[in-house]
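Numbers restart at 1 for each chain; the letters A, B, ... are given by sequence-line order, proteins then strands. Given the structure is predicted, the values throughout are model-derived calculations rather than measurements.
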Amino acid sequence: MLNAIGWFLIYFGAFFLFLGALGIMRFPDVFNRLQAGTKCTTLGALSTSIGVGLLHPAWLPKTFIIALFILLTNPISSHALGRASYRSGVKLWEKSVVDKCKEFKECVEEENE
Amino acid sequence: MSSLILVVSAILVIFMIVGAVVTIHARDLLVAIIASAIVDLVLAVLFYILQAPDVAITQASIMGGLTTAIFLVVIKKTERYEQ
Amino acid sequence: MGKLSRFIFTSLVLFILWLFLTSTFRSQEVLIGLIFSLAIALFTYNSFTERGLQNLNPRKVFCAFLYLPYLLWQMIKANFDVAYRVLHPKMPIKPGIVHVKTKMKSDLGKLVVANSITLTPGTLTLDVIDDNMLIHWINVKTDDVEKASEEIPGVFEKCLKEFLE
Amino acid sequence: MSWVIAIAIIVLGVVLTLIRAMLGPTAADRMVAVDSMTTITTALLVLLALYFKRYIYLDIALVYAVLAFVATLAVARYMEGGL
Amino acid sequence: MIKKAFALLLVIIIGIFLSATFARIPFGEPKTVVGKYYLDHGVKDLGGVNIVTSIVVLYRGFDTLGEVTVLFLAATGLGMVLAGLREKDEKKRKKTPPSLIMRTETKLLFPMTILFGAYIFIHGHLTPGGGFPGGVVIASAFLLMFLSHKKWEAKEKYTKVTEALAGMTYVVIGLIGLYVAGSFLENFLPKGVPGNLFSAGIIPLIYTAIGFKVGSELTGLLQNLRETTE
């Protein structure tokens, strides 16, 4: 039973990791790529490592720590990248609907350094 | 040494070579730093696959964070684009 | 808060992390772990936590444990959302940056809200300026501040108010 | 047999992100690809530890999970001009 | 053009020879006599499960002392070069402040990363790793704080004192070995049961010293790099 759940989690995770990579390949600009990259890889790596832990219950604490660190570090790195690429002047995709960032002078002033 | 491991390491080696070429030819030095970070991270995976965990852990820890940061500080102090 | 309670909380967290890392209860490992966690907590407790042992209030811990499954369910929903957008041949996306207001006061509260927003369907926190959040939304439904605040961080804040504020 | 499929899917993901890292028009695109690549590689290392049946190999995956984002943070701070 | 073609030809020839040579070496079989000796007698002689660390610290201990000295010399040399470029008074250089999320999160991660580095260097004889990776992980924790806080700094006197104490500990352990067991860096503690934390004699002690030394050296180096002007 534990075995079956473990293998299911591993395949689930592997599928989403692949989807995240495909999203990075297909989406048009930096921010959309970040969307795919963050969400899919976080859940994918989390569920793969927990699945490996379920196959060998003695490994579970360490895989749990790996999952915890991924859950802590991944959103912050994507946030930092998004902020930095907006401030360094990366343009939004031309079909974007709205850009509220222009209203804040903190975001824009660094652009022409 | 099964064939699966052989195929995986062959793919990774090809990407390492491409990364090294990008590192050499990039005009933008930030791109060169990112490409060399790719080379280092993939090299850690290769050491791992070849079952040398001590070397892999050292490679991953040194090359992952510190070297990239030091290179970045250096191009911040000098200049970003090569002429 | 008192310095002692902050110190005890930091070393407790570090010691639990150590137990997970070594994953044994052997007396030698526990001894070394105690020494290291006390020593590290001695010079980092100042930045690690602001409230100390108050975090271990049973009601707050219970709310945090209720929050985790909810976050996990949101993450799974987010992944199927991304899967739909990636695998659809025409890529039905309508991206944009919207502006929302958050009600959280403390730094930790803003951090958890921002990270939760990043992990949930179609949104990514770009910047936090005081209590304004700039959010990249992959499928913009509204660009009004009030409505967007109700739509994106509203649900989380109701859960998080309990154990963070 | 079940190994081959899971590992092959993940390696395919790594290859896709590496292609984007080599193509990517701007430096930000490349860094996004590298960031995702490190997370995908962490999962790959955990799976390979199961494949080699060695408990101690999990440490390298842990080093990857802890340290790979330092490089991302450094590049992000450089790009926004705060280093 | 002819030059490039010649270079390509040379690279191809070297590649063919290299791959032909390495194809004949079998994977994972010890060939040399020394390697066979280490594999057969290492665990029984020294009590360390991870044979690589036993070789690095005990069989080749003097070598490692040299490596640590080289790292120390490199860090000191860089510090001397950068000392001339030190910022005298707070120059007005416009810097983007780090975001609030980054500041809060790195405060949370800082003690955890240091604890992880300590885990790596104290378990050098049981798991892969050892003093050098552990020290680098600790220095990376400090790097995180440097990246995300404008004012935060590691006091120079503390890093210097830690480094000096750690280096002294290494040499003193070696001298005790010379006094008790008859040669420099000889093992003088009981071997213990292989697999326990308190086993393998002086390996954990030496790796703790190396971990502190490498960590404080690299932290001082990063601090020096941060304080200089352009």
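Heavy-atom neighbours of E:Phe62 CZ from other residues, nucleotides or ligands within 6.0 Å: at or below the threshold of 12.
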To see if you've got the definition right, give the donor-acceptor pairs under 3.5 angstrom between chain C and chain E.
from	atom 1	to	atom 2	distance (Å)
C:Arg26	NH1	E:Gly195	O	3.4
C:Arg26	NH1	E:Asn196	OD1	3.4
C:Gln28	OE1	E:Leu197	N	3.2
C:Gln28	OE1	E:Phe198	N	3.3
C:Glu29	OE1	E:His123	NE2	2.9
C:Asn115	ND2	E:Glu105	OE1	3.3

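Contact of the C:Leu17 side chain with the E:Phe116 side chain is not registered, since no non-hydrogen atoms from C-beta on lie closer than 4.5 Å.
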C:Ile129 vs E:Leu100, side-chain contact (heavy atoms from CB on, under 4.5 Å): CA-CA, chis, key distance, verdict: CA-CA 8 Å; C:Ile129 302 164; E:Leu100 182 136; over 6 Å; no
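Rounded to the nearest 0.5 Å, atoms CG (C:Leu111) and CE (E:Met102) are 12.0 Å apart. C:Ile40 contributes atom CD1, which lies 9.5 Å from atom CZ of E:Phe110 (distance to the nearest 0.5 angstrom). With rounding to the nearest 0.5 Å, the separation of CG in C:Leu14 from CD1 in E:Ile114 is 9.0 Å. For the atom pair CD1 (E:Ile122) and CZ (C:Phe36), the distance works out to 4.5 Å, reported to the nearest 0.5 Å.
Residues meeting the ring-ring contact (aromatic ring centres under 6.0 Å, His included) test with C:Phe80, sequence neighbours left out: A:Phe16.
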